[in-house]
*Asks:* 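Here's a structure for you.
This one's a predicted model, so the numbers in the text were calculated from it and none came from an experiment.
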Amino acid sequence: MSNSKLSVDSVITEDGTRIHFKDWGTGPAVVFSHGWPLQGDAWEDQMIFLASNGYRVIAHDRRGHGLSSQPWNGNDMDTYADDLATLINALDLKDATLVGHSTGGGEVARYIGRHGTARVAKAVLVGAVPPQMVKSDTNPNGLPMSVFDGIRSAVLADRSQFFKDLTTPFYGYNREGAKPSQGVRDTFWAQGMQCGIKNAYDCIKQFSETDFTEDLKKIDVPTLFVHGSDDQIVPIDTAAKAAVKLVKNGTLKIYEGAPHGLPTTHKDKLNADLLEFLKS
């Protein structure tokens, strides 16, 4: 990676895609991978907290998302993982902690599966999609394909409205005692609409059908799984509870009653747990 391809907020991948990122603070590196259809800003609550507590925090926008390029091709988990490797290598990060939410948790697992842990000290998977979301012969308790076909249809029909509607189960706003925030809804929508429609469409297949079983088995660094017991998007039983059994040194923290969007709804708890894990 020649330095000419690296700027203060972007790196150019081998296929010419611009990957936008934020790089704040100094100290041990923590790299964040976001969920679908969001962007690096989805991690802002964790980033400002950790950067204020002695860590260097880096969050990129996955290709097709946020301020990164919106290429027609390369919207697949292997390429997402290679894009992350391009960023980590360009910044010459060492002993980094990789943190992934939802689809980003899959990206972290696939990165380690493809690139190993030479530059990685720890991993954190929050509400993450591994080992696999869709129902299959090897994943009999997964969600039926019809669920993801429905998401695809909704994205093509009226993705703006779909993203608005998705905030309700995403943040658990349909549960008794929830305190819905219109600001949080608006932010989710705004980030989602920055994603290219082709990129958003292609990514659905990636987060739902990719089998991360072998990637998880290759994770040889301390790994923290955080998952909400009331995750209506990525059900905990077939996700974190199954994934933690495949990782050599994995720990699962269950947030009782927490929704999928817990980095926002339970940010203080997650921030404290991340800081504790980083210091351990």
*Asks:* How long is the straight-line distance from CD of Q70 back to CD of Q194, given to the nearest 0.5 Å?
*Replies:*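 Between Q194 CD and Q70 CD, I get 9.0 Å after rounding to 0.5 Å.
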*Asks:* Classify the side-chain pair R62/T103 by whether it contains a donor and acceptor separated by less than 3.5 Å.
*Replies:*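 Distance-only check fails for R62 and T103.
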*Asks:* Is D220 paired with K218 through a side-chain N to carboxylate O contact shorter than 4.0 Å?
*Replies:*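 Judged by the 4.0 Å cut-off on N to carboxylate O distance, K218 and D220 do not form a salt bridge.
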*Asks:* Measure the spacing between CG of L125 and CD of E107 and express it to the nearest 0.5 Å.
*Replies:*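 Taking CG in L125 and CD in E107, the distance rounds to 11.0 Å.
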*Asks:* Of all the heavy-atom pairs spanning K122 and V120, show the shortest one and how long it is.
*Replies:*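 Heavy atoms of K122 and V120 come nearest at O-CG1, 3.3 Å.
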*Asks:* For R18, give me all partners under salt bridge (charged side-chain N to carboxylate O under 4.0 Å, His left out), at least two apart in sequence or on another chain.
*Replies:*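 Scan of R18 (salt bridge (charged side-chain N to carboxylate O under 4.0 Å, His left out), adjacent residues dropped) gives D9.
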*Asks:* Looking only at heavy atoms, what is the nearest atom pair of V31 and A96, with distance?
*Replies:* CG2-CB, 4.3 Å
*Asks:* Determine, for K164 against D186, whether the closest basic-nitrogen to carboxylate-oxygen distance falls under 4.0 angstrom.
*Replies:* no
*Asks:* Going by side-chain hydrogen bond (donor to acceptor under 3.5 Å, both in side chains), name the residues that satisfy it together with D41, two or more places apart in sequence or in a different chain.
*Replies:* K22, Q39
*Asks:* Which hydrophobic side chains are connected to L67, either touching it within the sub-4.5 Å cutoff or through other members that do?
*Replies:* none
*Asks:* List the atom of V234, the atom of A239, and the distance in Å for their closest heavy-atom pair.
*Replies:* CG1-CB, 3.6 Å
*Asks:* Within this structure, what is the CG-CG distance for the pair D211 and D215, rounded to the nearest 0.5 Å?
*Replies:* 8.0 Å
*Asks:* Say whether, by atom type as modelled, one donor and one acceptor occur between the side chain of K5 and the main chain of V11 under 3.5 angstrom.
*Replies:* no
*Asks:* List, one per line, each side-chain donor-acceptor pair under 3.5 Å for residues 153-161, sequence neighbours excluded.
*Replies:*
{"unit_1": "S153", "atom_1": "OG", "unit_2": "D149", "atom_2": "O", "d": "3.0"}
{"unit_1": "D158", "atom_1": "OD1", "unit_2": "Q161", "atom_2": "N", "d": "3.1"}
{"unit_1": "R159", "atom_1": "NH1", "unit_2": "G192", "atom_2": "O", "d": "3.4"}
{"unit_1": "R159", "atom_1": "NH1", "unit_2": "C195", "atom_2": "O", "d": "2.8"}
{"unit_1": "R159", "atom_1": "NH2", "unit_2": "C195", "atom_2": "O", "d": "3.0"}
{"unit_1": "S160", "atom_1": "OG", "unit_2": "W189", "atom_2": "NE1", "d": "2.7"}
{"unit_1": "Q161", "atom_1": "NE2", "unit_2": "D165", "atom_2": "OD1", "d": "3.0"}

*Asks:* Examine distances only and state if a side-chain atom of T17 and a backbone atom of S69 form a donor-acceptor pair shorter than 3.5 Å.
*Replies:* no
*Asks:* State, to 0.1 Å, how close P71 and N199 come at their nearest heavy-atom pair, and which atoms those are.
*Replies:* O-ND2, 2.9 Å
*Asks:* Would you call K253 and E276 a salt bridge, using N to O less than 4.0 angstrom?
*Replies:* yes
*Asks:* side-chain contact (heavy atoms from CB on, under 4.5 Å), that's the test. Do I19 and D61 meet it? Break it down for me.
*Replies:* CA-CA 6 Å; I19 302 296; D61 298 347; over 6 Å; no
*Asks:* Applying side-chain contact (heavy atoms from CB on, under 4.5 Å), can you list everything that pairs with A240, at least two apart in sequence or on another chain?
*Replies:* F225, H227, I236, L252
*Asks:* What residues, two or more places apart in sequence or in another chain, satisfy side-chain hydrogen bond (donor to acceptor under 3.5 Å, both in side chains) together with D137?
*Replies:* none
*Asks:* Over 60° means perpendicular and under 30° means parallel, so classify the ring planes of H34 and H60, tilted if in between.
*Replies:*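 Correct class here is tilted.
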*Asks:* Evaluate L6 against F21 for side-chain contact (heavy atoms from CB on, under 4.5 Å), listing each step before the verdict.
*Replies:* CA-CA 11 Å; L6 179 67; F21 66 90; 3.9 Å; yes
*Asks:* Treating S68 as the side-chain partner and G64 as the backbone partner, does any N or O pair qualify as donor plus acceptor under 3.5 Å?
*Replies:*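 Not confirmed, S68 side chain does not pair with G64 backbone.
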*Asks:* Are D83 and R63 ion-paired here, with the side-chain N under 4.0 Å from a carboxylate O?
*Replies:* yes
*Asks:* Considering non-hydrogen atoms only, spot the tightest contact between V108 and S33 and give its length.
*Replies:*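 For V108 versus S33, the nearest heavy atoms are CG2-OG, 4.0 Å.
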*Asks:* Show me the donor-acceptor pairs, under 3.5 Å and distance only, between side chains in residues 139-148 and residues at least two apart or in other chains.
*Replies:*
{"unit_1": "N139", "atom_1": "ND2", "unit_2": "Q132", "atom_2": "O", "d": "3.0"}
{"unit_1": "N139", "atom_1": "ND2", "unit_2": "V134", "atom_2": "O", "d": "2.8"}

*Asks:* Does the pair L93 and R56 meet the rule for a side-chain contact (heavy atoms from CB on, under 4.5 Å), with working shown?
*Replies:* CA-CA 10 Å; L93 302 181; R56 178 185 181 186; 3.5 Å; yes
*Asks:* Between N174 and Q232, is there a side-chain donor-acceptor contact under 3.5 Å, judged purely by atom types and distance?
*Replies:* yes
*Asks:* Of all the heavy-atom pairs spanning G105 and A128, show the shortest one and how long it is.
*Replies:*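 Reported closest heavy-atom pair: CA-CB, 3.8 Å.
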*Asks:* Determine whether the side chains of Q206 and D202 contain a donor N or O and an acceptor N or O closer than 3.5 Å.
*Replies:*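 Distance-only check fails for Q206 and D202.
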*Asks:* My understanding is that only residues two or more places apart in sequence, or in another chain, count here; which of them pass side-chain hydrogen bond (donor to acceptor under 3.5 Å, both in side chains) with K245?
*Replies:* none
*Asks:* Is there a side-chain contact between H115 and L84 in this structure, where contact means two heavy atoms from C-beta onward sitting under 4.5 Å apart?
*Replies:* no
*Asks:* Does the pair N89 and R119 meet the rule for a side-chain contact (heavy atoms from CB on, under 4.5 Å), with working shown?
*Replies:* CA-CA 9 Å; N89 293 342; R119 293 180 176 272; 3.0 Å; yes
*Asks:* Atom CD1 in I151, atom CG in L166: separation rounded to 0.5 Å?
*Replies:*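 So the CD1 of I151 and the CG of L166 are separated by 7.5 Å.
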*Asks:* Kindly write out the residues that satisfy side-chain contact (heavy atoms from CB on, under 4.5 Å) with P259, not counting sequence neighbours, or none if the list is empty.
*Replies:* T265, H266
*Asks:* Within the structure provided, determine whether N73 and T79 are in side-chain contact (heavy-atom separation under 4.5 Å).
*Replies:*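 Of all side-chain heavy-atom pairs linking T79 with N73, none is under 4.5 Å.
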*Asks:* To the closest 0.5 Å, what do you measure between CG (N75) and OH (Y80)?
*Replies:*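 One gets 5.0 Å once the value is rounded to the nearest 0.5 Å.
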*Asks:* Which residue pairs pass the ring pair (Phe, Tyr, Trp, His ring centres under 6.0 Å) test with at least one member in residues 153-180, sequence neighbours excluded?
*Replies:*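 Checked against ring pair (Phe, Tyr, Trp, His ring centres under 6.0 Å) - neighbours excluded - the pairs reaching residues 153-180 are W36-F163, F170-F188, F170-H260, Y171-Y173.
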*Asks:* Would you mind reporting whether L246 and T213 have side-chain heavy atoms less than 4.5 Å apart?
*Replies:* yes
*Asks:* Under a single-linkage rule joining Ile, Leu, Val, Met, Phe, Trp and Tyr whose side-chain heavy atoms are separated by less than 4.5 Å, which residues share a cluster with L274?
*Replies:* W24, V30, F32, W43, M47, F49, L50, Y55, V57, V99, V124, V126, L224, V226, Y255, L262, L270, L275, F277, L278
*Asks:* Report the residues that fulfil side-chain contact (heavy atoms from CB on, under 4.5 Å) with D78, sequence neighbours left out, ordered by chain and then residue number.
*Replies:*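 Result, side-chain contact (heavy atoms from CB on, under 4.5 Å) vs D78: D76, R110, R114.
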*Asks:* Any sub-3.5 Å donor-acceptor pair from S102's side-chain atoms to G104's backbone N or O?
*Replies:*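 Side chain of S102 to backbone of G104: no pair is present.
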*Asks:* Is there side-chain contact between L87 and I58, with heavy atoms separated by less than 4.5 Å?
*Replies:*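 Yes. Closest side-chain heavy atoms under 4.5 Å.
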*Asks:* Measuring from T117:OG1 to I112:CD1, what's the distance to the nearest 0.5 Å?
*Replies:*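 Atom-to-atom, T117:OG1 and I112:CD1 are 6.5 Å apart.
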